[in-house]
Visitor: 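Below you'll find the structure I mean.
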Number of protein chains: 2
Amino acid sequence: MAIISHRKLTAEREQCILDLLKQSDALAVSALSEQLEVSEATIRRDLQNLHERGLLERVHGGATLKAVGQPELLFSDKEGKCSDEKQRIAAAALELIQQHDTIYLDGGSTILQLARLLESRSGLTIVTNSLMAASLLMESRHRLILTGGEFRALSRTMVGPLSASILQSITVDKAFMGTIGLTLNDGMSTTDANEAFTKKQIMSRSRQVILLADHSKFGVPSFVNSGSLEDLQTVITDSISDEFRKRFNELGIHLILA
Amino acid sequence: MAIISHRKLTAEREQCILDLLKQSDALAVSALSEQLEVSEATIRRDLQNLHERGLLERVHGGATLKAVGQPELLFSDKEGKCSDEKQRIAAAALELIQQHDTIYLDGGSTILQLARLLESRSGLTIVTNSLMAASLLMESRHRLILTGGEFRALSRTMVGPLSASILQSITVDKAFMGTIGLTLNDGMSTTDANEAFTKKQIMSRSRQVILLADHSKFGVPSFVNSGSLEDLQTVITDSISDEFRKRFNELGIHLILA
DNA sequence: ACGGATTTGATCGATTTTGATTGAATATAA
DNA sequence: TTATATTCAATCAAAATCGATCAAATCCGT
């Protein structure tokens, strides 16, 4: 008896498209049609479905993963579609960490990259509100403490007033913070009020606050203020304008270019 | 005389489907029908049953383990073993939950099964110290609150004094608790002191405490006491000895046999 | 062996998905 | 810019799949 090769299920096919997209940034409708052995009309319908669910970006002739910087996609890349800058920034941050430090890891893809580098280390006490970071570090040889709080799905972090309970009862040596954007006038800002609240909390409980932000964050304002530049002791970035450099100098902020 | 190959029992077949699903992302009804040598109608009934028990997702033409495009779980159950008893106990617990309830989910595989059943529901406020439960419910339409605390790798839970900060500031309607063992004399007990501490904390902050424990837990002592039988309002199990039944009766504990 | 309960497979109309076709919209080249 | 070639969304009929129903087969306790 012959083995009949069944056509893939819709769900299976959509998963396939997403997997393929993770490997190459963009895919043509025609290529997908050949690869998956269905008509182009079907591929177009699949792409539309996936787009409506926010899983990819549609372009003429095919599809791409969402543009980087879109919060929805910050974490969808398992592989670490992490830019080179973010890796260098994380590596520079790693140098600041000493044995037996108690550190805080904020949410965001840059900090997550730092967590990856810490995976193979040991002996630190790591406090975090990021479930992605916790997930990475759970098998490591660090002491791991989670802040608790209301779960925010978009950033996969625990935020809000409830997280304050724990944060108020601890002090860390170094807090590694991320941000959506920062401006000269208004300092750091983010999209969610609860998240901003938690960021402010932890910054007040850290001996040293270190901001990790690539050049794309500078000059970009977001919705809610999450701290002023005065709160920072150190900033790590890949490149910076003269304006910001001058301001950091005035404020006595240690600037590290990675 | 040839050996007649008996058709598989329903339970056997359903287990088979789950095993096959773990190997490939998605399976077609037609493929399963051939593989297991039963009609497609039967496969559809099996898939519907498994779906109602929260063990798979149904898609047109077949079934998948998780919805397409959903990121993989951050924290997953390594063993993943879930006996039939635990499923029934979880299903019975589900019936106790009402719309808009605020509930607490403890760690443990039985409670995790309950979390699976809650995945497709919505509108609850769910507090948990279990990262596996949180990971399952991450994308669901509930309000999700994590307790925070020190991460205990073995149980993938947040425990210890730090978790008390949040627990003291909340009250839940129903706490669904697991345990390593319970005895007539010493009540519930578990292996880790921090875990026991957290269990006692939440039980004191819940209007109703519901213990989910299969028969293997009864009469088995563990290391640290994590609460007395008097703390319980309801116990759900699959079978129970007369001694325990009598004691529960004396204490006014509502016993549910699943 | 008997009878009730459960499970199975077949059937049917309803729903969903697919591929082809169309004219409109967009990209590319001249 | 205009002309040409792709790609697109909308539409429709065919195919696949679905849920509901019912009768036959199987299972189980008496």
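What you see is a predicted model, and the numbers here were worked out from it, not measured in a lab.
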Visitor: Under the side chain to side chain donor-acceptor pair (under 3.5 Å) test, which residues partner A/Ser216, sequence neighbours left out?
Guide: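 Residues passing side chain to side chain donor-acceptor pair (under 3.5 Å) with A/Ser216: A/Asp214.
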
Visitor: Taking only residues two or more places apart in sequence, or in another chain, which ones meet B/Arg207 in a side chain to side chain donor-acceptor pair (under 3.5 Å)?
Guide: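 Partners of B/Arg207 under the side chain to side chain donor-acceptor pair (under 3.5 Å) test: B/Asp173.
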
Visitor: Nearest whole angstrom, please: distance from the C1' of C/dT8 to the CG of B/Leu47.
Guide: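 Atom-to-atom, B/Leu47 to C/dT8, this comes out as 15 Å.
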
Visitor: Between the axis at one end of the helix from C/dA1-D/dT30 to C/dA30-D/dT1 and the axis at the other (five pairs apiece), what's the angle to 10 degrees?
Guide: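 Computed from the C1' atoms at both ends, the axes differ by 50°.
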
Visitor: Going by the rule side chain to side chain donor-acceptor pair (under 3.5 Å), which residues pair with B/Thr42 if we only count those two or more places apart in sequence or in a different chain?
Guide: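 In terms of side chain to side chain donor-acceptor pair (under 3.5 Å), with neighbours along the sequence ignored, B/Thr42 is linked to B/Ser39.
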
Visitor: Under 4.0 Å: is that the gap between some side-chain N or O of A/Thr10 and OP1 or OP2 of D/dA16?
Guide: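 The answer is no; no side-chain N or O of A/Thr10 sits under 4.0 Å from OP1 or OP2.
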
Visitor: Is the closest side-chain donor-acceptor distance between B/Thr234 and B/Gln208 under 3.5 Å?
Guide: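 Yes.
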
Visitor: Tell me, which pairs form a side-chain hydrogen bond (donor to acceptor under 3.5 Å, both in side chains) where one or both residues lie in residues 235-244 of chain B, sequence neighbours left out?
Guide: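 For residues 235-244 of chain B: B/His215-B/Asp238.
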
Visitor: Taking atom C1' of D/dT17 as reference, at what distance in whole Å does atom CD of A/Glu12 sit?
Guide: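 Going from A/Glu12 (CD) to D/dT17 (C1'), I get 16 Å.
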
Visitor: In whole angstrom, what separates A/Leu36's CG from C/dT17's P?
Guide: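 Nearest whole value for this atom pair: 17 Å.
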
Visitor: Take nucleotides 2-10 of chain D nucleotide by nucleotide from the 5' end and write B, S or -, depending on whether a protein heavy atom sits under 4.0 Å from the base, only from the sugar-phosphate, or from neither.
Guide: -----SSS-

Visitor: Counting distance alone, no hydrogens or angles: does the base of D/dG19 have a donor or acceptor under 3.5 Å from a partner atom on the side chain of B/Arg45?
Guide: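 Donor-acceptor pair under 3.5 Å: no.
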
Visitor: Given atom CG of A/Asn49 and atom C1' of C/dT18, what is their separation to the nearest angstrom?
Guide: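 Spelled out: CG on A/Asn49 to C1' on C/dT18 is 13 Å.
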
Visitor: For B/Ile43 and D/dG19, what is the distance between atoms CD1 and P respectively, to the nearest whole Å?
Guide: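 Between P of D/dG19 and CD1 of B/Ile43: 14 Å.
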
Visitor: Quick one: which residue pairs count as a salt bridge (Lys or Arg N to Asp or Glu O under 4.0 Å) with a foot in residues 38-48 of chain A, not counting sequence neighbours?
Guide: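 Applying salt bridge (Lys or Arg N to Asp or Glu O under 4.0 Å) to every pair that reaches into residues 38-48 of chain A, excluding sequence neighbours, yields A/Arg13-A/Asp46, A/Glu40-A/Arg44.
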
Visitor: Is A/Thr42 near enough to C/dG19 that one of its side-chain N or O atoms lies under 4.0 angstrom from OP1 or OP2?
Guide: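 Looking at the OP1 and OP2 atoms of C/dG19, one of them is under 4.0 Å from a side-chain N or O of A/Thr42.
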
Visitor: Residues two or more places apart in sequence or in another chain: which of them pass salt bridge (charged side-chain N to carboxylate O under 4.0 Å, His left out) with B/Asp186?
Guide: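 Partners of B/Asp186 under the salt bridge (charged side-chain N to carboxylate O under 4.0 Å, His left out) test: none.
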
Visitor: For B/Leu9 and C/dT7, give me the distance from atom CG to atom C1', rounded to whole Å.
Guide: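 So the two atoms are 11 Å apart, to the nearest Å.
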
Visitor: Can you measure B/Arg13 atom CZ to D/dT26 atom C1' for me and round it to whole angstrom units?
Guide: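 These atoms are roughly 13 Å apart.
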
Visitor: Heavy-atom count check: over 12 atoms from other residues, nucleotides or ligands less than 6.0 Å from A/Arg245 CZ?
Guide: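 Open.
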
Visitor: Scan for salt bridge (Lys or Arg N to Asp or Glu O under 4.0 Å) pairs involving residues 103-114 of chain B, sequence neighbours excluded, and state none if there are none.
Guide: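 Residue pairs passing salt bridge (Lys or Arg N to Asp or Glu O under 4.0 Å), neighbours aside: B/Asp106-B/Lys199.
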
